[in-house]
Trainee: 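Structure in structure tokens, see below.
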Amino acid sequence: MVKFPKQIVLDHGSGGKASQELIEGAFLPFFDNPLLRDMNDSAVFEIGGVKLAFSTDSYTVNPIIFPGGDIGCLAIHGTVNDLAMRGARPLYLSVGLILEEGMRGETLEKILTSMQRAAKEAGVCVITGDTKVVPKGQVDKIFINTSGIGVIEGDYHIAGQNAKPGDLVLINGTIGDHGMCILSQREGLGLETPLESDTAPLNGLVEAILKVCPDVHTMRDPTRGGVATTLNEIAKQSQVGIELWEDKLPFKESVLGAAELLGIDPLYLANEGKVLVIVPKEKAEDVLAVMQAHPYGKEAVVIGEVKPEPRGKVWMRTQLGSKRLIDMLTGEPLPRIC
Ligand code: MG
């Protein structure tokens, strides 16, 4: 059913409930087709017997350079990761730049150098692009769009719809690092050791996982909206419940400290180098071992389990043994986090 909001607010871009309502109420009805309706990190389709994945994302992060990365490498990693989440080997990227008049050449050079390095590490080529320049003040320094194509070479069926009761939920390391890094920069927290973004290409890690477990059920990178929102999406798409184990959730002490200071739940903070992997229980040990052996998975842990009921819900089993419902991100928009 077509349903447009009266006006667009920041929350529509937060990746939480409002974003989902905009997509379902305004975008899906206009462009409706089975591939779009699938609502996964990238669209998967076949051309001439070859299975391909296709994805796009725009990057508006503020500040454009931050500890651990910048808007350039973030734009490469984000699209590479969305392709990898379907089991695709990322191949080709497009890069669209929107630049603000007056931007310094050396800043642009820094960002492009970072994109070049990120593309090399991920093994992707930028094969087409576009540049627009707008008058001063009509964009903030630089916005980047990247789209990407990857090839799926195995018989994988990885999707938000495929989590099954009994599966275990794994993550490759600490939660909330990117979001808290950006927030602490903006809030000028002036921490002794600045928090670093976790931005990273995950295709190598995913390849290693698929080698030992081709029947991964679901993979998704918990970017905007964080682990809490992403698991809610999966619980709804798969019509399962997801239980998180509080005592297993990995956080950096520094992230927890800053989150407390700002009154923010780090489960809702964006990650840019993390993947939630949902696999059959009997495969979890092997998957965990290959994750921990990979540079981007050293701190991998099992954080929860998929349950048959209540469908579409995520909850936390707390250290005290009680249960707390974990909803999708609502309100409290954190604009321009990625
Ligand atoms: Mg994604």
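Remember, it's a predicted structure, so these values are computed and weren't measured experimentally. Numbering of residues begins at 1 and proceeds along the displayed sequence. Side chains included, hydrogens not; waters and symmetry mates left out as well; all remaining heavy atoms used. Both ligands and their constituent atoms are indexed starting at 1 by order of listing.
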Trainee: Only to 10 degrees, please: what angle do the OD1 atom of D221 and the OD1 atom of D41 make about the Mg ion (ligand 1)?
Mentor: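 An angle of 100° at the metal.
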Trainee: Walk me through whether T79 and D82 qualify under side chain to side chain donor-acceptor pair (under 3.5 Å).
Mentor: CA-CA 5 Å; T79 292; D82 276 341; 5.7 Å; no
Trainee: Mind checking whether F4 and F30 have ring centres under 6.0 Å apart?
Mentor: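 Yes, the ring centres sit under 6.0 Å apart.
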Trainee: Tell me, which N, O or S atom in D82 is closest to the Mg ion (ligand 1)?
Mentor: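 Looking at D82, the N, O or S atom with the least distance to the Mg ion (ligand 1) is OD1.
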Trainee: Is there a donor-acceptor pair closer than 3.5 Å between any side-chain N or O of S238 and the backbone N or O of A163?
Mentor: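 Yes: the side chain of S238 pairs with the backbone of A163.
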Trainee: Just checking: D57, one of its N/O/S atoms, less than 2.8 Å away from the Mg ion (ligand 1), yes or no?
Mentor: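 Of the N, O and S atoms in D57, none lies under 2.8 Å from the Mg ion (ligand 1), which means no.
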Trainee: Ignoring hydrogens and angles, tell me if any N or O in the side chain of T223 forms a donor-acceptor pair with the backbone of A270 under 3.5 Å.
Mentor: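 No, T223 side chain to A270 backbone: no donor-acceptor pair under 3.5 Å.
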